[in-house]
Asks: 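Pasting a structure here, questions to come.
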Amino acid sequence: MGFFTDTSVCIGCKACEVACKEWNQVPMSIEGYTGNSYDNSVELDANRWRHVAFIEQKLPVDVTDGASLVEAAARGQAVDGGVASYQEADGFRWLMASDVCKHCTHAACLDVCPTGALFRTEFGTVVVQEDVCNGCGYCVPACPFGVLDQREEDGRVWKCTLCYDRLKDDKEPACAQACPTNSIQFGELTELHERAEHRLAHLQQAGQDKAQLYLADAEDGIGGAGAFFLLLDQPEVYGLPPDPVDTRRDVGEIWAAAGAAAVALGVGLAAAVFGGGSR
Amino acid sequence: MSTETTSYHGQPVIKEPIWTWEIPMYFFTGGLAGASAGLAYLSELRGNEVLGRRAWLGAFGGIAVSPVFLISDLGRPARFLNMLRMFKVTSPMSVGSWILSVSGASTTLAAVNAWTGWFPRSARAARPVAALFGLPLSTYTAALLANTAVPVWHEARRMLPFVFASGAALSAGAAAVITTPPEHAAAARRLALASAALELGLNEAMRHRLGEHAEPYKRGAPSKLRVLSGAAIAGGAALLVRRGSGSRAAAATAGGLLAAGAACARWTVFKAGFVSAADPKYVVDPQRRMIERGERRGAARREAKVRDARPVVGSPATAPAVVRDLQSSSPH
């Protein structure tokens, strides 16, 4: 079970942020006005498990084919129209997306957690057991999306639980329930993938050639995710990594190097002790 | 198109580690302990009891302090024993906790026996165990850093363990040179000098191999610490060569400089990680370049796996009635 977030219908209302905070009793995290468009949440962290991103894109458009301004802007055409303002036919579009923990199939946080606090639930989601976590913080730099964070004064690491308690009662997560446009869709991943493919095809045929599915495929660096997205531009525009990788992919190589270096150290110590004339 | 990195309002993509000053100190003291145990055991084998005893002291000093640093950095220090709830090979921190536990017990036993003569039978078994486990104790911390998403650490995963190994050897040699009378410290001097050269050389080689990923080492705190470390190591080595075999005071000063240099080298790598995580360009640009060169597939796909775009009842905005209305009013 997981999320399909169709960012093409997100209206940036932030109901998801509010619902998540209310249900999970996540502490207040007011940071003041950032000046980053309508985004005053900034990022996912220990006290922010849903974060709505706002990107304002100004695209000069060529309107010689008789299309309306809005239509031309929606096509995402980057042809230089040679004009300087919206009134003179510049296009403009909003990108809005609700970001969340990806609940990766190959989850780096889970792989590096030394206490076993992070575990995979029966729903396929990744959850932190707060009575086990000792705040070692290893999961924080391991996550390729920068999701996990330590809660100050509490000392433990917190993140989206995909409303584990609600799932156990056959409810959907708070954010999915609150989303008024159903941009956040919750359900069985096979059903969500099917919907996503059709929606992508529809958008592509409507001229949105930058529309793309992100984290939908098992061939990516995290084996696909429990929370995948339909984006209208490159992932990095939304602050997402183009090629996130679970570091477990390289852990064999890492241990081999550490082992070889340990052997080399032993050889070096022996050479120093036995190699000289005097003891 | 601008040549700047595409980013989301300049925000970082990954998180900086939450670790504070205790962690590079834990790396340093762990390496000191691990390599000193090997030095002690081998010196005793060669018949140099004086150096052996001093090196066991260094090993004990390191191993007594290292876990204290680690535990104090935890968000919930009282729960430190939770580290031993499992043994997870995909987690260097998990494996390392066990290595530290075995090293701690065996090194303590060996050191106590070397200075007091107590527990002779257990210590006879403990000595080789401490020496053996001291080797991965000195290198697993590099695996710990490399096994993250931090570009400057992850991309150096093949060389970082060797850098930490030479740092551990340097720390052990330096500590032994400080505590051992010069006439018994020849092996320690050899170790310190060879590791000093290796530490300088391997750090350079690691940064060279990092190529485009090495930029965090060239700015801010990492670049300053790098210079400090290099100067301390070079200065300490020069002093040790010239006066270390004759004068106890010169040897101690040289050893102090070398140890400080080794600690600074750990701090350099540690701080470089923070710089690497804070700027989105270090994460995004290399990933995007590999995708453009066709070396990596990336996580995004533009081609739908279906041909027909039947409107799906997911969102009210994509419901059939709405789509039909839009299509009938569209200019197409």
Side-chain angles (χ1 to χ4, degrees), chain A residues 6 9 36 43 111-112 114-116 132 134-138 140-142 144 146 149-150 155-156 181-182 185 195 197-202 205 212-215 217 219-220 235-239 241-244 247-248 251 254 257-258 261-262 264-266 268-270 272-273 276 278-279, chain B residues 6 8-9 11 13-15 17-19 38-39 42-43 46 48 74-76 79 82-83 85-86 90-91 93-94 135-136 138-140 143 146-150 157-158 161-162 165 169 186-187 190-191 283-284 287-288 291 296-302 304-306 309-310 312 314-315 317:
Chain A
D6 181 355
V9 295
N36 294 339
E43 58 181 345
D111 287 333
V112 303
T115 61
V132 175
N134 64 10
C136 79
Y138 199 11
V140 175
D149 196 20
Q150 188 184 46
R156 297 170 291 182
T181 58
N182 221 14
Q185 299 174 30
R195 283 191 211 163
E197 296 297 340
H198 285 284
R199 182 66 183 147
L200 176 64
H202 186 89
Q205 282 167 24
Q212 47 199 282
L213 287 180
Y214 180 66
L215 305 180
D217 301 325
E219 295 84 24
D220 65 30
E236 52 264 45
V237 169
Y238 297 83
D243 186 24
T247 180
R248 184 171 73 165
V251 82
I254 288 170
L265 177 62
L269 290 169
V273 172
S278 46
R279 337 184 248 188
Chain B
T6 307
Y8 177 70
H9 301 291
Q11 286 296 318
V13 174
I14 63 172
K15 288 271 191 293
I18 55 169
W19 299 322
L39 176 65
L42 292 170
S43 300
R46 186 157 183 192
N48 187 341
L74 293 175
R76 290 279 175 110
R79 293 185 181 180
N82 284 0
M83 295 295 213
R85 282 177 88 241
M86 52 174 48
T90 53
S91 172
M93 195 175 276
S94 171
L135 302 178
S138 305
T139 62
Y140 92 88
N147 199 46
T148 60
V150 177
R157 57 192 178 272
R158 288 187 204 148
F162 292 91
R190 285 196 293 272
L191 183 65
V283 174
V284 170
Q287 289 181 8
R288 179 50 64 194
I291 295 170
R296 292 282 304 166
R297 176 196 178 275
R301 168 169 52 84
R302 293 191 196 186
K305 287 183 178 168
V306 297
R310 96 177 128 73
V312 291
S315 159

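The model shown is predicted, which means the values in this text are computed figures rather than measured ones.
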Asks: Taking only Lys NZ, Arg NE, NH1 and NH2, and the carboxylate oxygens of Asp or Glu, determine whether A:D217 and B:R301 approach each other closer than 4.0 Å.
Replies: yes
Asks: Between B:W19 and A:C136, which heavy-atom pair has the shortest distance, and what is it?
Replies: NE1-O, 2.8 Å
Asks: Among B:A300, B:A304, B:A299, B:A149, single out the residue with the greatest number of heavy-atom pairs under 4.5 Å to chain A.
Replies: B:A299
Asks: Quick one: what part of A:Y138 sits under 4.5 Å from any heavy atom of chain B, side chain, backbone, both or neither?
Replies: both
Asks: Measure B:L191 against the heavy atoms of chain A and call it side chain, backbone, both or neither at under 4.5 Å.
Replies: both
Asks: For B:Q11 and A:N36, what are the C-alpha separation, side-chain angles and deciding distance, and is it a side-chain contact (heavy atoms from CB on, under 4.5 Å)?
Replies: CA-CA 10 Å; B:Q11 286 296 318; A:N36 294 339; 4.0 Å; yes
Asks: Just verifying a value: how many Å separate B:M93 CE and A:T115 OG1, rounded to the nearest 0.5 Å?
Replies: 10.0 Å
Asks: To check you understand the geometry: which heavy-atom pair defines the closest contact between A:V251 and B:T90, and what is its length?
Replies: CG2-O, 4.1 Å
Asks: Rounded to the nearest 0.5 Å, what separates atom CD in A:E43 from atom NZ in B:K15?
Replies: 4.0 Å
Asks: Pick from A:D149, A:V140, A:L269: which one has the most heavy-atom pairs with chain B under 4.5 Å?
Replies: A:L269
Asks: Under a 4.5 Å cut-off applied to non-hydrogen side-chain atoms, are A:T247 and B:T148 in contact?
Replies: no
Asks: Ignoring hydrogens, what is the shortest heavy-atom contact between B:V283 and A:P241? Give both atom names and the distance.
Replies: CG1-CB, 4.5 Å
Asks: What's the spacing between B:L74 CG and A:R156 CZ if we round to 0.5 Å?
Replies: 13.5 Å
Asks: Could you list the residues that satisfy side chain to side chain contact (heavy atoms under 4.5 Å, CB included) with B:A146, not counting sequence neighbours?
Replies: A:I254, B:R157
Asks: Which atoms of A:A264 come close to chain B, meaning under 4.5 Å heavy atom to heavy atom: side chain ones, backbone ones, both, or neither?
Replies: side chain
Asks: So which atom in B:R288 and which in A:P242 form the shortest heavy-atom distance, rounded to 0.1 Å?
Replies: NH2-CB, 3.6 Å
Asks: Heavy-atom distances under 4.5 Å only: say whether A:E197 touches chain B with side chain, backbone, both or neither.
Replies: both
Asks: Under the side-chain contact (heavy atoms from CB on, under 4.5 Å) rule, what do A:V112 and B:N147 come out as? Steps first, then yes or no, please.
Replies: CA-CA 8 Å; A:V112 303; B:N147 199 46; 3.5 Å; yes
Asks: Select, from A:G155, A:G135, A:A261, A:G146, the one with the greatest count of heavy-atom pairs under 4.5 Å involving chain B.
Replies: A:A261
Asks: Looking at B:V13 and A:P144, what are the two nearest heavy atoms and their distance?
Replies: CG1-O, 4.2 Å
Asks: Of the backbone (N, CA, C, O) and the side chain (C-beta and beyond), which part of A:Q205 lies under 4.5 Å from a heavy atom of chain B, both, or neither?
Replies: side chain
Asks: Return yes when atom CZ of B:R158 has more than 12 non-hydrogen atoms of other residues, nucleotides or ligands closer than 6.0 Å, and no otherwise.
Replies: no
Asks: Looking at every heavy atom in both A:N134 and B:R79, which two are closest together, and how far apart are they?
Replies: ND2-O, 3.2 Å
Asks: Who passes side-chain hydrogen bond (donor to acceptor under 3.5 Å, both in side chains) against A:D243, sequence neighbours left out?
Replies: B:R296
